[in-house]
**Student:** 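Below are the C-alpha cells for one structure; questions will follow.
This is a predicted model, so every value here is computed, not measured. Numbering of residues begins at 1 and proceeds along the displayed sequence.
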Amino acid sequence: RDWCVSRSRYWGTPIPLWVSEDFEEVVCVGSVAELEALSGRTITDIHRHHIDDIVIPSRTGHGHLRRVDEVFDCWFESGCMPYASKHYPFENAKDFERGFPAQFVAEGLDQTRGWFYTMMVLSVLLFNKPAVQNFVVHGLVLAADGKKMSKRLKNYPDPQEVVGSHGADAVRMYLCNSPVVRAEALRFKEEGVRDVVKDVLLPWYNAYRFLVQETQRFEAGGEKFSPGGPGVMSSSDLMDRWIISEKNSLIEFVREELEAYRLYTIVPRLVNFLSNLTNWHVRLNRGRMRGAQGREEALAALRSLYDVLLSIDVLLAPITPFLTELMYQNLARALPAGSPLKAESVHFVMLPKADLDAIDRDTARAVGRMQAVIELGRTCRDRRRVGLKTPLRRITIIASHADGFIDEVAKLQSFIEEELNVMEVAYRTDTGNISLQATLNFKLLGKRLGKDMKRVQEAAKALSQEDLLDFEQRREITLCGYSIAVEEMTLARRVHDLEDPNLEACGDAECLV
C-alpha cells in the first residue's frame, strides 16, 4: 500500500510544497535559503505559523503560489533522522558518509511498521540501500495477567519499588534473560526479579566475597597475593584448567554473538557459567583455596578464581553495571600498573579476547560427564528420600567404553565420592539389561506440529531400540514426515529387572547410575 506521508494537523513539519489554486504549478522548496530567495523574506522559523502566509510568485502566470495545508506524518520525520541529525546535505557531509548506514538501531516490535519502515523506505529512495545494518527488536512488557500495563487498573508493580527492593541490576538481568529480547511478549512478574537475586546475583557475589576472604587469609601468612603468572594458565589442577577453558569459551561465544547482534543468547550462557563457577568450581575447590594442599596450590587456585571473576565482571558490566563496578573497584587494586584491564571504571575496560589455546574441549567434556553422574546420583537419592549426610556403600556407573566415558569419569572419581558421599565407585560396560527411552519436548514441538503432535507421539513410542540407537548417532530422525532433532526428543537409559529393593537407577543419553 502507498504510505500516506501527510497529516491534517497544526503542529508538525510543514510539507514544503507551494502550489497554484488549480494545482497546475507545484514548487517543492528544498531549503530555507531557497525559500528566502523565492519569497524575498528572511526566514527565522519554519514552523507553519511562521511560513503559512508566505506566497511565491508564479513563473507560469498562475498568480501566487501558497503552501499546501498539510504537515508531514511524524514518522516521516523519524525516518529522516539519519540525515536530519547531521543537517545533511547542507553540512557535515563527511561525518554523515562515515556513519551511514548505521550499525544498528533498537526499538520495539511495534516500530516494524513505524520507524523501521520509514527509515528503510526513505533510505532506499534516496541512496538505494538501507539506513541501518541491523535492527535490534524487543517485544512488549505486559502485566503478569498478560494484559497491557494500565495505570487505571494498577495491574503492575511500581517500577521504583521493584528497583528499590531488588536493585536495578536484577531488573536489567531479568529483562535481558526474558522473551523480550527475542521480540516476544513478557508477562512481568516481580518474583522473576527476586529469583535473579537469589539464584544468580547472590551466589556470584558470594563467590567474590569468598575470594576476598581467602586472599586475606593467604596474605596473613606473610606473602602478598598477585594475580596472573604461571599459576593461572599452567595450573596442574584439572578443575582450574576446566574453569579457565570455560571462561575462554564464554568470551569467544559472547564476542561472536555480539558481533551478530544475537543478544538473546548471551545472558543464558553467562548465567550457566556463573552456575558452573559457584556450584562446581568454588564448591569443589574450597579446601584447596584454604590451603589444604599447601600454599602453592592455594595461590594457584586463588589466581584462577581471580582471573575468572575479573573476566566475568567485564563481560557482565553492560547488563549489571552497578554490581560489576562495586566488585571491579576492589578487584582492580591487585592489578599491576599498565595492565589493559586496569582502568578508572569497569565500563572503560574493553571486552577481553579469548585465549583459544586455553580452551580444552576434552577437559570440558570430562567435567560435564562428571557433573551428569553426580546429578543422576542426587536424583537416585531424592527418589528414595535418602539425604546426602547418609553414606552409601556403592555407586555403579554403567556406560560404553567406546567413547572414553568411563576413563574420563574415573579421573574425577574423588569428586564423585565426595559429592555423593559414597564409599566405592564401580564401573560396568555390560549394557545387556539397559534400554533407551525417548521423551518428546512438547514445548518445542507443540507449535510446529499442532494437531499432528499426538501422531508423532505414538510414532515415538513405537520406535525400536535399533531406531533409538540410530537416532543417538545421527542426532535426527523422521517421524510422520517431520524431522525431529535432538533438542526436540531426548534419550534416557533405563535398567530392567532391578529386583533389589535397596537399588535405585537413573540415566541419561550417555550413562546409567
**Student:** Would you say Val137 and Val181 make side-chain contact, with heavy atoms under 4.5 Å?
**Tutor:**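 No, every pair of side-chain atoms sits at 4.5 Å or beyond.
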**Student:** Would you please indicate yes or no on a ring centroid separation below 6.0 angstrom for Tyr88 and Phe100?
**Tutor:**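 When the ring centroids of Phe100 and Tyr88 are compared, they turn out to be at least 6.0 Å apart.
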**Student:** Let me confirm one number: the CG-CE distance from Leu310 to Met327, rounded to the nearest 0.5 Å.
**Tutor:**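 Output value for this atom pair is 11.5 Å.
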**Student:** Please name the pair of heavy atoms, one in Val197 and one in His166, separated by the smallest distance, quoted to 0.1 Å.
**Tutor:**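 Of all heavy-atom pairs spanning Val197 and His166, the closest is CG2-O, 3.7 Å.
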**Student:** Just wondering, are more than 12 heavy atoms of other shown residues or ligands nearer than 6.0 Å to NE2 in His47?
**Tutor:**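 Check fails, neighbour count at 12 or below.
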**Student:** Indicate yes or no for a side-chain donor-acceptor contact from Glu259 to the backbone of Glu256 under 3.5 Å, with no hydrogens or angles considered.
**Tutor:**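 Not at all, since once roles are kept as given, no pair shorter than 3.5 Å links the two residues.
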**Student:** Would a distance-only check, ignoring hydrogens and angles, find a side-chain to backbone donor-acceptor pair under 3.5 Å from Arg9 to Ser6?
**Tutor:**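 No, Arg9 side chain to Ser6 backbone: no donor-acceptor pair under 3.5 Å.
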**Student:** Report the C-alpha separation of Leu356 and Asn248 in whole Å, then their side-chain angles, then the decisive distance to 0.1 Å, and conclude whether the side-chain contact (heavy atoms from CB on, under 4.5 Å) test is met.
**Tutor:** CA-CA 7 Å; Leu356 300 182; Asn248 283 285; over 6 Å; no
**Student:** Within a strict 4.5 Å, meaning less than it, do heavy atoms of the Tyr83 and Leu126 side chains meet?
**Tutor:**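 Touching, per the 4.5 Å side-chain cut-off.
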**Student:** Does a donor on one side chain sit under 3.5 Å from an acceptor on the other, for Arg241 and Ser304?
**Tutor:**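 Absent: no donor and acceptor within the cut-off.
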**Student:** Ignoring hydrogens, what is the shortest heavy-atom contact between Asn276 and Gln371? Give both atom names and the distance.
**Tutor:**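 Minimum heavy-atom separation between Asn276 and Gln371: OD1-NE2, 3.1 Å.
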**Student:** Rounded at 0.5 Å granularity, tell me how far CG in Leu277 sits from CG in Asn272.
**Tutor:**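 The CG atom of Leu277 sits 11.5 Å away from the CG atom of Asn272.
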**Student:** Using side-chain heavy atoms (C-beta onward) and a distance below 4.5 Å, is Met119 in contact with Phe135?
**Tutor:**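 Yes. Closest side-chain heavy atoms under 4.5 Å.
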**Student:** I'd like to know whether CZ of Phe90 has more than 12 heavy-atom contacts from other residues, nucleotides or ligands below 6.0 angstrom.
**Tutor:**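 Yes, the 6.0 Å shell around CZ holds more than 12 heavy atoms from other groups.
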**Student:** Does the side chain of Arg7 come within less than 4.5 Å of Trp75's, by heavy atoms?
**Tutor:**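 They are not in side-chain contact.
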**Student:** Do Glu36 and Val32 make a side-chain contact, defined as non-hydrogen atoms from C-beta onward lying under 4.5 Å apart?
**Tutor:**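 Answer yes - side chains close enough.
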**Student:** Can you tell me how far apart CZ (Arg262) and CD (Glu257) are? Round to the nearest 0.5 Å.
**Tutor:**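 It comes to 4.0 Å.
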**Student:** Can a salt bridge be assigned to the pair Asp69 and Arg48 using a cut-off of 4.0 Å between side-chain N and carboxylate O?
**Tutor:**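 Looking at Asp69 and Arg48, the cut-off is met.
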**Student:** Which heavy-atom pair separates Leu140 from Val180 by the least distance, and what is that distance?
**Tutor:**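 Leu140 and Val180 have their closest heavy atoms at O-CG2, 4.2 Å.
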**Student:** For Asn134 and Gln103, indicate whether the former's side chain and the latter's backbone hold a donor-acceptor pair under 3.5 Å.
**Tutor:**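 Yes: the side chain of Asn134 pairs with the backbone of Gln103.
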**Student:** When the aromatic ring centroids of Phe253 and Phe273 are compared, is their separation below 6.0 Å?
**Tutor:**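 That pair fails the under 6.0 Å test.
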**Student:** Where do Ala334 and Tyr306 come nearest, in terms of heavy atoms and distance?
**Tutor:**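 So the minimum-distance heavy-atom pair works out to CB-OH, 3.8 Å.
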**Student:** Using the benzene-type ring in the case of Trp, are the ring centres of Tyr261 and Phe104 under 6.0 Å apart?
**Tutor:**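 Yes: the rings meet the under 6.0 Å criterion.
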**Student:** Measuring from Leu274:CG to Ile312:CD1, what's the distance to the nearest 0.5 Å?
**Tutor:**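 The CD1 atom of Ile312 is 5.0 Å from CG of Leu274, to the nearest 0.5 Å.
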**Student:** For Asp313 and Tyr208, which I'm curious about, is there any donor-acceptor pair between the side chains at under 3.5 Å?
**Tutor:**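 No, Tyr208 and Asp313 have no side-chain donor paired with an acceptor closer than 3.5 Å.
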**Student:** As an exercise, state the distance from OG1 of Thr478 to CZ of Phe471, rounded to the nearest 0.5 Å.
**Tutor:**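 Thr478 OG1 to Phe471 CZ: 10.5 Å, rounded to 0.5 Å.
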**Student:** Do the non-hydrogen side-chain atoms of Glu184 and Leu109 ever get within less than 4.5 Å of each other?
**Tutor:**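 Result no, sub-4.5 Å side-chain heavy-atom pair not found.
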**Student:** Atom CD of residue position Glu97 - does it have more than 12 heavy atoms of other residues, nucleotides or ligands inside 6.0 Å?
**Tutor:**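 Counting other residues, nucleotides and ligands, CD of Glu97 exceeds 12 neighbours.
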**Student:** Hey, could you give me the CG/CD distance between Leu444 and Glu487, rounded to the nearest 0.5 Å?
**Tutor:**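 Nearest 0.5 Å value for the CG-CD distance: 8.0 Å.
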**Student:** Can you name the nearest heavy-atom pair linking Leu335 to Lys342, along with the distance?
**Tutor:**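 So the two residues come closest at O-NZ, 3.4 Å.
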**Student:** Should Glu191 and Lys189 count as an ion pair when the cut-off is N to O under 4.0 Å?
**Tutor:**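 Not counted as a salt bridge, because no side-chain N and carboxylate O are separated by less than 4.0 Å.
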**Student:** For Ser245 and Thr363, run side-chain contact (heavy atoms from CB on, under 4.5 Å): C-alpha distance rounded to whole Å, both residues' side-chain angles, the deciding distance at 0.1 Å, then the answer.
**Tutor:** CA-CA 8 Å; Ser245 172; Thr363 297; 5.8 Å; no
**Student:** Crowded around Arg448 CZ? As in, over 12 foreign heavy atoms under 6.0 Å?
**Tutor:**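 Above 12, so yes.
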**Student:** Please say whether more than 12 non-hydrogen atoms of neighbouring residues, nucleotides or ligands are located less than 6.0 Å from CZ in Arg113.
**Tutor:**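 No, CZ of Arg113 has 12 or fewer neighbouring heavy atoms, counting only those of other groups under 6.0 Å.
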**Student:** At their closest point, which heavy atom of Phe415 faces which heavy atom of Ile374, and how far apart are they?
**Tutor:**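 Answer, listing the atom of Phe415 first, then Ile374: O-CD1, 4.2 Å.
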**Student:** Do Trp18 and Ile54 come within less than 4.5 Å of each other through their side chains, counting heavy atoms only?
**Tutor:**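 In short, these two side chains touch, coming nearer than 4.5 Å.
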**Student:** Tell me, with the steps shown, if Thr112 and Tyr117 meet side-chain contact (heavy atoms from CB on, under 4.5 Å).
**Tutor:** CA-CA 6 Å; Thr112 304; Tyr117 173 75; over 6 Å; no
**Student:** What do you reckon, is CD of Glu344 surrounded by more than 12 foreign heavy atoms closer than 6.0 Å?
**Tutor:**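 Open.
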**Student:** Under 3.5 Å, is there a donor-acceptor pair linking the side chains of Gln329 and Glu325?
**Tutor:**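 Looking only at side-chain atoms, Glu325 and Gln329 do form a donor-acceptor pair, the distance falling under 3.5 Å.
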**Student:** Are the side chain of Arg172 and the backbone N or O of Ile319 linked by a donor-acceptor pair below 3.5 Å?
**Tutor:**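 Yes; judged by distance alone, with no hydrogens or angles, the pair exists.
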**Student:** Verify side-chain contact (heavy atoms from CB on, under 4.5 Å) between Asn285 and Asp237, making sure each step is shown before the conclusion.
**Tutor:** CA-CA 10 Å; Asn285 277 276; Asp237 184 79; 3.6 Å; yes
